[in-house]
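Contents: one structure, followed by commentary.
This structure is a prediction, so every number in the text was calculated from the model and none was measured.
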Amino acid sequence: GAPTVILEGLAGPGQFGPPGVTWGRDGTLVLASTLGAGLSMVRDTGGKPEEFTALDQAAHEASHRLPHFLPDGSAVLFTVIPYSAVAPDWSRAQVWVKSVKTGERKRLIDDAVDAQYAGQNTLIFARGGKLFAIRFDPSSLSVSGKEVQAVDGVVHSEFGTAGTGW
């Protein structure tokens with residue numbers, strides 16, 4: 001069929017698009033619509049985006065990016081970039097999770113970006129050009145145990161598919 005416009009005006013001149021999009025199985029998209037903001041959500045049928053996360057100014061948050069739905073759609077993993085002085089500080093990035101049902105937001109991992117659920121109660125995430133894995137309980141939205149380096153020499157992706165593949 002013909003393409004459907006879900007949301008317009010995300011990238012300005014010279015920009016490459018949003019810093020992360022994830023498409024849930026129920027037709028909800030969560031995205032970082034711009035740098036320096038929280039995450040928004042919109043239905044795949046279109047409409048006005050709604051706030052999904054807001055920056056915590058007291059915690060010096062500069063941006064929420066790289067969202068990824070858990071496979072069942074119950075929560076979204078995302079990266080929080082804090083700022084030092086006036087610039088974003090990627091060296092202090094954190095992985096957070098937000099429950100879609102309760103709205104609870106929890107910090108999971110410090111010094112980490114782009115966490116994704118890999119199945120079998122495991123999260124994978126990037127840190128300093130390396131890929132790590134850590135035990136994750138999807139029901140309590142919590143990590144446990146020691147992280148394990150899995151691969152060296154990686155970069156992160158910017159678009160999530162909630163396990164559906166492209």
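- With sequence neighbours left out, the side-chain hydrogen bond (donor to acceptor under 3.5 Å, both in side chains) criterion links Glu147 to Arg127.
- Scanning all heavy atoms of the two residues, the minimum distance from Pro67 to Val76 falls at CB-CG1, 3.8 Å.
- In terms of heavy atoms, Ser63 sits closest to Gly36 at OG-N, 3.7 Å.
- Taking the six-membered ring for Trp and thresholds of 30 and 60 degrees, Phe125 and Phe132 have nearly parallel ring planes, at less than 30 degrees apart.
- Around atom CD of Gln149, more than 12 heavy atoms belonging to other residues, nucleotides or ligands sit under 6.0 Å away.
- Between Val97 and Arg105 the shortest side-chain heavy-atom distance does not fall below 4.5 Å.
- A search for salt bridge (Lys or Arg N to Asp or Glu O under 4.0 Å) contacts involving Asp44 returns nothing, not counting sequence neighbours.
- In terms of heavy-atom proximity, Glu61 sits nearest to Trp96 at OE2-CZ2, 4.4 Å.
- The salt bridge (Lys or Arg N to Asp or Glu O under 4.0 Å) search around Lys130 returns Asp152, not counting sequence neighbours.
- Put simply, the side chain of Phe136 does not reach to within 4.5 Å of the side chain of Asn121, judged on heavy atoms.
- Residues Ala126 and Leu131 approach most closely at N-CD1, 4.5 Å, considering heavy atoms.
- Atom CZ of Arg43 and atom CD1 of Ile6 lie 10.5 Å apart (nearest 0.5 Å).
- Side chain of Gln94 to main chain of Val80: no donor-acceptor pair is present (N/O by atom type, distance under 3.5 Å, no hydrogens or angles).
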Decide side-chain contact (heavy atoms from CB on, under 4.5 Å) for Gln57 and Leu55; before the verdict, give the C-alpha distance in whole Å, the side-chain angles of both, and the deciding distance to 0.1 Å. CA-CA 6 Å; Gln57 299 299 325; Leu55 297 180; 3.7 Å; yes

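- Rounded to the nearest 0.5 Å, atoms CG (Leu141) and OG1 (Thr102) are 7.5 Å apart.
- Side-chain contact of Arg135 with Thr122: a donor-acceptor pair under 3.5 Å is absent, judged by distance alone.
- Considering all non-hydrogen atoms of both residues, His64 and Ala32 come closest at O-CB, 3.5 Å.
- Looking only at distances, no side-chain donor or acceptor of Arg65 sits under 3.5 Å from a matching main-chain atom of Asp114.
- Taken to the nearest 0.5 Å, the CZ atom of Arg92 stands 10.5 Å off from the CD1 atom of Ile81.
- With sequence neighbours left out, Thr79 forms a side-chain hydrogen bond (donor to acceptor under 3.5 Å, both in side chains) with no residue at all.
- Phe69 places a side-chain heavy atom less than 4.5 Å from the side chain of Val100.
- Atom CG of Leu70 sits about 11.0 Å away from atom NE2 of His68, to the nearest 0.5 Å.
- Contacts of Asp137 classified as salt bridge (Lys or Arg N to Asp or Glu O under 4.0 Å), with partners at least two apart in sequence or in another chain: none.
- Residues Lys106 and Ser142 have side chains in contact (heavy-atom distance under 4.5 Å, counting atoms from C-beta outward).
- We find the CD-OG distance between Glu50 and Ser40 to be 9.5 Å, quoted to the nearest 0.5 Å.
- With sequence neighbours excluded, the residues that form a side-chain hydrogen bond (donor to acceptor under 3.5 Å, both in side chains) with Ser74 are Asp72.
- By the 4.5 Å heavy-atom criterion applied to side chains, Ile134 and Leu108 are not counted as neighbours.
- The structure places CG of Leu39 at 11.0 Å from CE of Met41, a figure rounded to the nearest 0.5 Å.
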